[in-house]
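One structure is given below, encoded as structure tokens.
Since the structure is predicted, the reported quantities are computational estimates derived from the model, not experimental observations. Chain A is the first sequence line, chain B the second, and so forth, proteins listed ahead of strands; every chain is numbered from 1.
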2 protein chains.
Amino acid sequence: MSSPQRRTTIKDVAELAGVGVATVSRVLSGGSASAETRERVLDAATKLDYRPSALGRNLRQQRSGGIALLVPDITDNFYARLADGVLSCARSYGEPVTIGVTGDDPEQEADLVGSLLEQSMDRVVAVPSGDGEMWAPALRAGLSVVFADRRVWRAPGQQRVLAEVPAVLADDRAGVRTAVEYLTGLGHRKIGFLARHGQSHRMQAFRDAVGDALDEELVVPARASRDSAYAAAAGLLQRRPDVTAVLTGDNMLGEAAVLAARELDVRIPRDLSLVMFDDVPWAELCAPPLTVVAQPAQDIGYRAAELVMRQGRRPRTVTLPTQLIVRGSCGPRR
Amino acid sequence: MSSPQRRTTIKDVAELAGVGVATVSRVLSGGSASAETRERVLDAATKLDYRPSALGRNLRQQRSGGIALLVPDITDNFYARLADGVLSCARSYGEPVTIGVTGDDPEQEADLVGSLLEQSMDRVVAVPSGDGEMWAPALRAGLSVVFADRRVWRAPGQQRVLAEVPAVLADDRAGVRTAVEYLTGLGHRKIGFLARHGQSHRMQAFRDAVGDALDEELVVPARASRDSAYAAAAGLLQRRPDVTAVLTGDNMLGEAAVLAARELDVRIPRDLSLVMFDDVPWAELCAPPLTVVAQPAQDIGYRAAELVMRQGRRPRTVTLPTQLIVRGSCGPRR
DNA sequence: TTGAAAGCGCTAACAT
DNA sequence: ATGTTAGCGCTTTCAA
């Protein structure tokens with residue numbers, strides 16, 4: 001087994017080209033140089049198969065390149081698509097992406113942000129779980145953050161600094177309203193809503209959409225886990241057999257609703273109409289195929305990454321449209 | 001807007017503690033120091049909220065910490081779970097994880113590896129797409145690699161160096177055999193197999209399991225995309241209406257098979273029995289619920305990450321068991 | 001246009 | 001046990 005050979009450095013290139021290291025650096029980063037020098041340097045670099053060390057550059061510039069991405073759960077298809085969008089944008093900039101999963105837990109999120117700081121990463125796309133208490137210091141430490149999918153809860157003292165954070169969001173409000181209107185149009189009056197704690201914005205949109213008819217008991221929150229999703233769904237269905245329609249705030253809650261309904265022998269769409277947020281590939285395979293509010297997950301990620309790269313003057317918040325896709329999981333109230 | 005304050009460095013800590021920087025470094029990395037000194041340093045570090053800069057350390061040590069992870073497609077639930085396993089192991093070591101998606105394309109994979117080298121990352125968990133031509137040089141460059149889910153195609157000259165690469169795999173061979181035996185037990189004789197180009201090992205296992213009865217036309221390969229999966233499934237079903245059972249090499253091919261069957265009005269399990277590799281959450285929601293060969297995806301990721309961290313003496317290859325989970329997508333031949 | 005040199009924050013070799 | 005110092009590879013003044 002041969003020992004790994006020493007890395008080629010800028011010094012080697014300078015030597016071979018017969019110029020100073022500064023010149024090599026300039027040429028390679030597109031600075032000015034005479035045509036002849038440029039050619040000599042490029043030649044030498046090619047001949048030695050030189051790849052500049054990110055380590056040296058990073059230390060010098062006091063920042064590591066790359067984008068950090070914080071999501072609650074990478075196995076959730078929605079966040080996976082979002083991540084895919086970030087990756088695809090980052091790739092076009094040639095930037096590596098570091099991923100962290102927060103489990104929707106503010107504490108883990110804080111840890112992760114701490115380690116980003118330790119790495120001197122200064123660009124983050126985050127689906128935030130914590131509140132302003134956590135993000136404000138990070139912002140002050142020079143981190144440039146773009147929120148995706150949701151923004152942070154309003155924290156009393158921090159509004160100003162948090163308002164500065166750009167965000168790329170799906171149009172929750174319109175999505176929820178459309179879904180609720182669709183269901184009421186079918187005659188449904190008792191509509192349940194299953195959502196995560198982190199989806200407070202959707203909950204509020206739901207309350208607003210339902211208006212006077214609101215029954216607070218039908219808005220049920222769940223924690224981030226699959227188990228908690230199932231518990232919430234089964235709980236609602238058992239406690240309130242009078243609900244005739246359910247809207248879920250994400251796909252795992254939708255999955256839970258289907259499972260719980262099956263378990264309790266509640267037939268979809270005969271006994272219960274179901275609309276799920278997020279159009280995952282399996283929605284179509286389900287029996288019956290699920291009616292969904294589609295969100296442009298990959299686009300959200302892409303745009304967020306773009307924003308965090310551009311850093312310059314930019315729009316405060318980007319809202320991307322959702323779309324109701326009617327399949328077979330809803331029927332008239334009976 | 002206040003300008004981001006200068007980072008606290010080891011020098012600041014040394015000064016406040018009244019010791020040299022080396023002492024600070026030693027104390028913080030668990031070296032020897034008198035109890036009193038240790039306390040003074042720790043105090044100072046706490047007071048200043050000092051976090052050592054990974055940049056400095058990395059440059060000094062000529063390697064950035066962290067684990068790189070290369071997967072074909074992060075939106076595929078299998079790889080997402082695998083990634084989750086890697087992330088979870090990495091977290092226990094406090095190491096960041098950099099993800100790249102290869103799209104199962106050797107060229108993109110080579111690019112990605114190049115950029116890892118540029119970052120001086122030296123630990124990679126990879127689901128390889130390219131062949132030995134690509135990995136051998138990386139290995140020689142000092143990268144320590146662990147393959148997950150599959151290993152690299154045998155490349156003529158490279159066998160020795162590639163044989164050194166540890167791998168964590170699901171027991172494909174047993175999984176395929178069990179599935180095939182289950183289907184033949186139900187009376188099926190014409191069994192189709194849908195697999196990716198990258199899943200050649202499973203194809204071979206399938207050929208071996210079927211034995212004499214093998215009809216090469218029933219083994220159909222697909223490229224990495226969803227479209228290609230669908231085309232392969234629909235193609236097989238149309239070309240060979242005599243197949244009574246299909247095994248798919250991954251979940252996207254399973255999805256494609258369900259969709260294609262529905263489109264062609266082939267009923268599952270009445271007209272066609274289906275077994276899918278990989279137990280994704282939606283397999284149970286499908287109508288009928290899908291019989292699957294479950295793989296410990298998250299475990300594969302976790303173990304691979306562990307191997308790449310431990311670097312020491314290690315087993316060559318870890319094979320993890322699969323499990324046939326019988327649900328409702330298979331029936332007797334009719 | 002080009003080169004020399006400083007210095008980013010850290011660790012390890014060496015000296016005390 | 002602790003301090004001093006060199007140096008990792010790069011970019012960026014500054015001077016020529």
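Closest of all the heavy-atom pairs between A/Asn77 and B/Thr75 is ND2-O, 3.4 Å. Of all the heavy atoms in A/Gly65 and A/Asn58, the pair that sits closest is N-OD1, 3.8 Å.
A donor-acceptor pair is defined here as one N or O able to donate and one able to accept, closer than 3.5 Å; such a pair exists between the side chain of B/Thr46 and the backbone of B/Leu42. Distance alone, capped at 3.5 Å, is enough to place a donor-acceptor pair between the B/Arg150 side chain and the B/Pro128 backbone.
Residues from residues 13-51 of chain B placing a heavy atom under 4.0 Å of any atom in DNA chain C, listed by number, are B/Ala22, B/Ser25, B/Tyr50.
Applying the salt bridge (Lys or Arg N to Asp or Glu O under 4.0 Å) rule to B/Glu118 yields the partners A/Arg51; only residues at least two apart in sequence or on another chain are considered. For A/Asp122, the salt bridge (Lys or Arg N to Asp or Glu O under 4.0 Å) partners are A/Arg63, not counting sequence neighbours. With sequence neighbours left out, the side-chain hydrogen bond (donor to acceptor under 3.5 Å, both in side chains) criterion links A/Asp12 to A/Arg6.
Rounded to whole Å, atom P of C/dG9 lies 9 Å from atom CG of B/Asp12. Taking atom CZ on A/Arg60 and atom C1' on C/dC10, their separation rounds to 16 Å, with Å as the unit. Atom CD1 in B/Ile10 sits about 11 Å away from atom P in C/dA12, given to the nearest Å.
In summary, contact between chain B and DNA chain D, defined as any nucleotide atom under 4.0 Å from a heavy atom of the protein, begins and ends at D/dA1 to D/dG9 in the 5' to 3' direction.
End-to-end axis angle for the helix from C/dT1-D/dA16 to C/dT16-D/dA1, using five pairs per end and rounding to 10°, comes out at 40°.
Base contact: B/Leu59 has a heavy atom under 4.0 Å from a base atom.
The shortest distance between the side-chain N/O atoms of B/Arg57 and the OP1/OP2 oxygens of C/dG9 is not below 4.0 Å.
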